[in-house]
Colleague: 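Below is the structure I would like to discuss, written out as structure tokens.
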2 protein chains.
Amino acid sequence: MKPYLLQMLKELASLGAIENRVEISSLELAKQLNTSQQTGSRYLLELDKQGMIIREMGIKKQLIQITEKGEDALQDEYMQYKSIFELTDRVSFIGKVVSGMGEGRYYTAQHGYADQFKEKLGIFAFPGTLNVEIKHIDKNKLRLLKKHTGILIDSFESNNRTFGGVQCFHSKINNLAGAIVLPARSHYSNILEFISQHNLREKLKLKDDDEISIIIFLNTDM
Amino acid sequence: MKPYLLQMLKELASLGAIENRVEISSLELAKQLNTSQQTGSRYLLELDKQGMIIREMGIKKQLIQITEKGEDALQDEYMQYKSIFELTDRVSFIGKVVSGMGEGRYYTAQHGYADQFKEKLGIFAFPGTLNVEIKHIDKNKLRLLKKHTGILIDSFESNNRTFGGVQCFHSKINNLAGAIVLPARSHYSNILEFISQHNLREKLKLKDDDEISIIIFLNTDM
DNA sequence: ATTACTAGTAAGCGAGTAT
DNA sequence: TATACTCGCTTACTAGTAA
């Protein structure tokens with residue numbers, strides 16, 4: 001939908017055209033949008049053609065009401081603004097399954113991690129992680145996570161080496177419960193790692209390059 | 001501000017550019033908006049020129065952050081949508097003072113009305129009404145009032161005639177307390193009548209054609 | 001890979017005007 | 001009063017391409 005049409009639809013909605021038929025001329029609407037009567041008229045014709053409004057043409061003015069389709073378009077836009085300014089409790093992505101290099105299995109097998117996953121996340125983690133590549137553009141969304149501390153898994157020592165702390169959030173991968181595991185110190189990469197009680201690859205019949213939906217919950221309790 | 005620039009600003013905000021500098025190319029942004037890289041680049045230049053964003057040009061991508069001015073523009077738009085979809089507790093107008101034909105004085109002098117104004121509105125009404133003409137386009141806003149019953153003043157008989165019921169809402173006229181008086185049965189006209197404890201014309205030093213701001217409260221209690 | 005300029009094309013605009 | 005058409009003008013778009 002063209003942005004300038006959405007603007008006019010919004011103007012109509014402000015005048016009550018979602019609830020009622022509103023009596024208004026193309027000139028009056030045009031003035032609200034700081035444009036000409038002709039443009040006002042043209043916008044109305046376009047909105048009409050797209051099924052966003054219905055019009056009853058009177059001899060002088062016209063009665064305009066926003067259709068369900070029009071209301072949906074507005075609601076959609078509203079929701080986008082809402083998610084910008086209101087606190088949300090989740091972040092969602094579309095990701096692509098990729099193969100890791102097997103280190104996930106090594107790390108999740110460490111008792112130091114496994115015990116904390118059990119205790120703090122309530123997840124008896126299946127050995128291995130599911131690696132998911134997200135679109136580069138969505139990396140910016142991950143910044144939202146930075147505002148939240150999430151569930152912290154402490155670093156520990158074992159076998160003469162140090163295993164670093166990680167930051168976790170409860171997540172759903174294609175609607176299956178799990179958690180995202182983020183290294184505590186490091187910039188976000190575009191590969192995300194997930195753990196779960198289930199063998200995600202098997203249970204969701206995933207192979208490399210499959211698209212999956214990810215929801216990350218910002219709340220630390222589930 | 002041009003609607004298409006606002007769309008891009010919104011897109012940037014969705015990617016977190018209000019809180020952080022966001023790393024993104026003109027091509028990626030363009031894809032989000034279903035347009036070409038060139039247009040993406042041009043939009044960014046325009047937003048930059050208007051002071052809506054600041055950019056740090058890297059050798060490859062660029063770091064973009066929304067300025068306070070840009071955030072204000074988005075917040076503004078958000079508020080417009082909010083007032084469409086969320087219940088509001090008030091309606092506001094800009095109106096123009098006009099002369100009535102003196103009937104206001106006659107009506108408000110009737111004990112049948114005056115006593116009810118006192119009792120139901122808590123207003124010991126100054127004799128007379130202030131007549132305010134609203135822009136024709138704002139008439140549609142009055143429809144919001146129809147959804148609310150307001151404060152009902154009953155009809156009564158006196159001097160062998162019937163005085164009709166009226167519907168009232170607490171109001172502020174240039175920030176001075178009063179109430180709007182609407183005939184119960186009748187379509188809304190573009191002339192609104194206000195009563196107040198004060199002589200509004202004197203107290204606000206109003207003469208005909210002066211612009212005044214009106215806020216009508218939908219709640220029946222003050 | 002980027003950004004962003006140029007230039008030719010397409011879309012949008014509004015004065016004039018028919019209805 | 002209205003709506004909405006035509007048409008000349010302006011703005012916006014993108015392919016090509018330089019940096």
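Throughout, a chain's letter reflects where its sequence line sits, starting with A, and its residues are numbered from 1. Computed from a predicted structure; not experimentally measured.
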Colleague: Taking only residues two or more places apart in sequence, or in another chain, which ones meet A:F93 in a ring-ring contact (aromatic ring centres under 6.0 Å, His included)?
Modeller: none
Colleague: D:dT3 C1' sits how many Å from A:L63 CG, rounded?
Modeller: 14 Å
Colleague: Is there a side chain to side chain contact (heavy atoms under 4.5 Å, CB included) between B:L218 and B:D89? Walk through the geometry before answering.
Modeller: CA-CA 5 Å; B:L218 302 176; B:D89 66 339; 5.5 Å; no
Colleague: Between A:Q32 and A:Q7, is any side-chain donor less than 3.5 angstrom from a side-chain acceptor?
Modeller: no
Colleague: Rounded to the nearest angstrom, tell me the gap between atom CD in A:E56 and atom P in D:dT3.
Modeller: 14 Å
Colleague: Could you encode protein contacts along nucleotides 3-14 of chain C as a string, one character per nucleotide from 5' to 3', using B for base contact, S for sugar-phosphate-only contact and - for no contact, with a heavy-atom cut-off of under 4.0 Å?
Modeller: BBB------SBB
Colleague: Round to a whole Å and report the spacing from CG of A:D48 to C1' of D:dA4.
Modeller: 13 Å
Colleague: Evaluate the ring planes of B:Y43 and B:Y4, with Trp represented by its six-membered ring, and classify them as parallel (under 30°), tilted (30 to 60°) or perpendicular (over 60°).
Modeller: parallel
Colleague: A:K82: what forms a side chain to side chain contact (heavy atoms under 4.5 Å, CB included) with it, not counting sequence neighbours?
Modeller: A:Y78, A:M79, A:E86, B:Y78, B:E86
